[in-house]
Chemist: 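Here you go, one structure.
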Number of protein chains: 2
Amino acid sequence: MANIHEIAKLAGVSSATVSRVINNHPYVSEPTRQRVQEVIDRLDYVPNLNAVSLKKGMTKLIGIISLSFNDSLGLFVRGFTMYAQEHGFNIALFITNGEKGRELEALEMLRRKQLDALVCMIRVNEWSVIEHYTKYGPIVTWQRVNIEAIPSVFMDQYQGYTLALEHLYARGYRKIVNVYGSMRGLNTKERIRAYHDFCEKYDLDAEAFPHFYDLNSIEAGEQIAHWWAEREQTDRPDAFACSTDYLAAGLLTEARRLGVSVPSDFAVVGFDNTEISHLLDLTTIHYPIDKQAENAFIMICNALEGLDETIHHLEFKLVERATT
Amino acid sequence: MANIHEIAKLAGVSSATVSRVINNHPYVSEPTRQRVQEVIDRLDYVPNLNAVSLKKGMTKLIGIISLSFNDSLGLFVRGFTMYAQEHGFNIALFITNGEKGRELEALEMLRRKQLDALVCMIRVNEWSVIEHYTKYGPIVTWQRVNIEAIPSVFMDQYQGYTLALEHLYARGYRKIVNVYGSMRGLNTKERIRAYHDFCEKYDLDAEAFPHFYDLNSIEAGEQIAHWWAEREQTDRPDAFACSTDYLAAGLLTEARRLGVSVPSDFAVVGFDNTEISHLLDLTTIHYPIDKQAENAFIMICNALEGLDETIHHLEFKLVERATT
DNA sequence: TTGTAGGCGTTATCAA
DNA sequence: TTGATAACGCCTACAA
């Protein structure tokens with residue numbers, strides 16, 4: 001395979017000049033540049049990235065560690081990839097499926113300089129393990145974590161969930177049921193806190209209805225529709241604040257199949273503003289995942305290049321549609 | 001960051017000896033080895049992979065290009081990763097989401113020697129584009145394609161589909177409806193061919209019932225359940241051969257919700273033997289995706305190291321469960 | 001059993 | 001505007 005010296009010889013210049021042409025350095029005369037470029041084109045030459053990486057101490061490759069590749073993680077990855085590419089970085093994706101080994105691989109690649117930085121969407125190993133690797137390169141995360149060495153693009157769910165609750169209140173709903181996601185996560189804790197503060201503020205009974213936990217699938221939503229239908233008419237809630245759009249979608253469509261009229265029989269608010277909420281005209285809470293991705297990239301760039309570009313302020317937004 | 005020379009100096013040996021220790025070469029005396037290892041451990045040293053790659057002309061990194069990351073593609077990726085890791089290779093995943101650019105990136109990384117090889121699960125660019133890149137390193141694919149430079153681990157659907165049809169026949173079903181997947185793909189063509197040959201063999205009317213095309217989701221399956229329920233009793237098919245387990249699952253569960261009894265009212269056969277089919281006790285066609293992944297890896301190894309290990313023979317298998 | 005030295009393919013510094 | 005040349009960090013004949 002052709003290397004820079006071969007190009008140099010064929011173009012009758014030194015390899016330094018070829019390098020200048022490749023990297024668009026100034027102070028190359030137009031005739032020389034053309035002559036060199038011609039040889040490059042003719043031989044279909046591209047610089048060997050291993051050599052470039054070795055010399056520069058950078059691979060221009062960033063790893064993304066993700067637990068899976070579902071809707072919102074996928075959106076993040078897509079957004080991040082876009083920003084990264086605009087800045088000349090490539091992305092290598094590591095789907096762990098919960099396997100520690102797969103995550104360690106990525107971390108080791110960082111240590112061994114095959115990766116310049118790492119985005120850890122949802123971790124598998126202990127934070128202490130991940131923190132240990134921050135000395136080899138910047139690592140940012142999507143999860144909520146309070147470790148100085150691991151910056152996060154996490155968003156506090158309290159504000160977002162309050163938005164949903166206040167909206168329901170303003171619309172006249174008073175009998176709200178909460179369907180929370182993962183019990184373990186801090187997001188759920190924040191949402192619970194938001195609900196309690198909300199009840200206190202408006203003097204509502206926080207325990208008037210059961211709370212659901214650990215639910216986020218379409219099927220779970222469908223079951224909740226049945227749960228509602230089977231209750232006494234007088235004892236039915238009039239609104240659901242859901243953990244995800246998917247769950248809300250399941251609830252909504254199954255309820256309609258059962259002849260329930262939304263939003264007059266009850267209201268539904270989703271979370272995430274995914275495509276499905278758009279499709280079903282579902283009121284939801286928008287979540288600037290794209291801006292999160294951009295922030296993650298800015299953080300990495302700042303760390304890598306010693307810059308200090310400012311991070312976007314992130315805010316949830318209510319998207320009012322037909323289910324409330 | 002520490003490099004091999006620093007280790008050498010601290011251990012009082014030459015860098016060559018350090019290299020020998022790192023790579024487990026023979027002819028290093030035990031005392032020396034221990035002394036060197038000690039310094040390596042103390043300084044938390046690991047060789048810089050860029051330097052190793054440059055020297056060896058290999059990165060030990062294989063790229064996988066995938067359109068998305070759903071169930072069966074995910075299984076393939078997982079299997080492939082396992083085999084690759086056992087042989088000291090790491091994996092970089094590229095999810096294209098149908099974007100040509102993302103695929104080209106991976107191809108360019110191959111060209112520029114950042115990747116040793118590429119597995120192209122489902123391509124985005126024209127085959128001619130991909131073929132062009134085979135001169136930079138081995139590329140194997142999961143799709144059916146007849147290009148010498150691009151080996152494939154594709155499996156002929158004819159045999160698998162015939163398996164399903166013969167099974168239904170043996171069980172006494174005669175009014176079979178086919179639900180095919182993507183119209184564009186060659187898999188569907190093969191399945192259609194299988195069905196026609198099957199009808200001919202048993203003297204059945206291939207056009208007795210409508211054929212469904214381009215369906216593979218759970219929701220599509222649910223709709224087909226309604227389609228069946230709304231037909232005249234006398235004009236109902238007694239079996240469905242489905243494009244995927246997901247579709248079959250949707251059909252099965254919705255049918256049961258409508259009070260249909262499977263397999264006495266009608267039979268259902270899925271395809272792929274995914275977890276969901278196991279869960280629902282669904283008869284399906286097993287598909288050795290793990291062996292395909294291993295084959296893909298063997299092909300790459302053979303190409304990379306000039307070997308000639310033999311490829312596994314791949315065969316569909318009927319998994320008889322409760323829906324037929 | 002160990003060390004010396006050259007080279008993998010680039011880039012960047014310094015002269016010219 | 002161009003060309004030598006020394007790194008980048010590692011591996012591997014070849015010598016000792």
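From a predicted model like this one, the values you see are computed outputs, not experimental measurements. Convention: sequence-line order gives letters A, B, ...; per-chain numbering from 1.
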Chemist: When rounded to the nearest 0.5 angstrom, what distance separates OG1 in B:Thr141 from CZ in B:Arg123?
Modeler: 9.0 Å
Chemist: For the pair made of CD in B:Gln34 and P in C:dT1, what is the distance, rounded to whole Å?
Modeler: 14 Å
Chemist: Counting any heavy atom closer than 4.0 Å, what does B:Ser19 reach on the DNA or RNA strands: base, sugar-phosphate only, or nothing?
Modeler: base
Chemist: We want to know whether A:Asp290 and A:Tyr83 form a side-chain donor-acceptor pair, criterion being a heavy-atom distance below 3.5 angstrom.
Modeler: yes
Chemist: Counting only heavy atoms not in A:Glu86, do more than 12 fall under 6.0 Å of its CD?
Modeler: yes
Chemist: Distance check needed: C:dA12 C1' versus A:Tyr27 OH, whole Å only.
Modeler: 16 Å
Chemist: Reading DNA chain D in the 5' to 3' direction, which nucleotide is the first one with an atom under 4.0 Å from a heavy atom of chain B, and which is the last?
Modeler: D:dG9 to D:dA13
Chemist: I'd like to know whether NZ of A:Lys135 has more than 12 heavy-atom contacts from other residues, nucleotides or ligands below 6.0 angstrom.
Modeler: yes
Chemist: Any idea which of C:dG3, C:dT2, C:dA12 is nearest the B:Val13 side chain?
Modeler: C:dG3
Chemist: At under 4.0 Å, does any side-chain N or O of B:Ser14 touch on OP1 or OP2 of C:dT4?
Modeler: no
Chemist: In this structure, how many angstroms lie between the P atom of C:dC8 and the CD1 atom of A:Ile4, rounded?
Modeler: 14 Å
Chemist: Give a yes or no on this: more than 12 heavy atoms of other residues, nucleotides or ligands lie within 6.0 Å of atom CD of A:Glu148.
Modeler: no
Chemist: Roughly how far apart are A:Arg102 CZ and A:Ser66 OG, rounded to 0.5 Å?
Modeler: 11.5 Å
Chemist: Just the rounded figure in Å: distance from P of C:dT4 to CZ of B:Arg20.
Modeler: 11 Å
Chemist: Once you round it to whole Å, what is the distance between P of C:dT11 and NZ of A:Lys60?
Modeler: 13 Å
Chemist: Can you tell me if B:Ser29 touches the phosphate of C:dT2, counting only side-chain N or O atoms and a distance under 4.0 Å to OP1 or OP2?
Modeler: yes
Chemist: Expressed as a whole number of angstroms, how long is the span from B:Lys9:NZ to C:dG3:P?
Modeler: 15 Å
Chemist: Tell me which residues in residues 40-55 of chain A lie within less than 4.0 Å of DNA chain D, going by non-hydrogen atoms.
Modeler: A:Leu54, A:Lys55
Chemist: Apply the test salt bridge (charged side-chain N to carboxylate O under 4.0 Å, His left out) to residues B:Glu38 and B:Arg35: give CA-CA distance (whole Å), side-chain angles for both, the deciding distance (0.1 Å), then the verdict.
Modeler: CA-CA 5 Å; B:Glu38 205 173 285; B:Arg35 198 146 33 90; over 6 Å; no
Chemist: More than 12 foreign heavy atoms under 6.0 Å from CG of A:Asn146: is that the case here?
Modeler: no
Chemist: Rounded to whole Å, please give me the gap between NZ in A:Lys56 and C1' in C:dG9.
Modeler: 13 Å
Chemist: When the distance from CD1 of A:Ile22 to P of C:dT10 is rounded to whole Å, what number comes out?
Modeler: 7 Å
Chemist: Is the A:Trp142 ring parallel, tilted or perpendicular to the A:Phe76 ring (thresholds 30°, 60°)?
Modeler: perpendicular
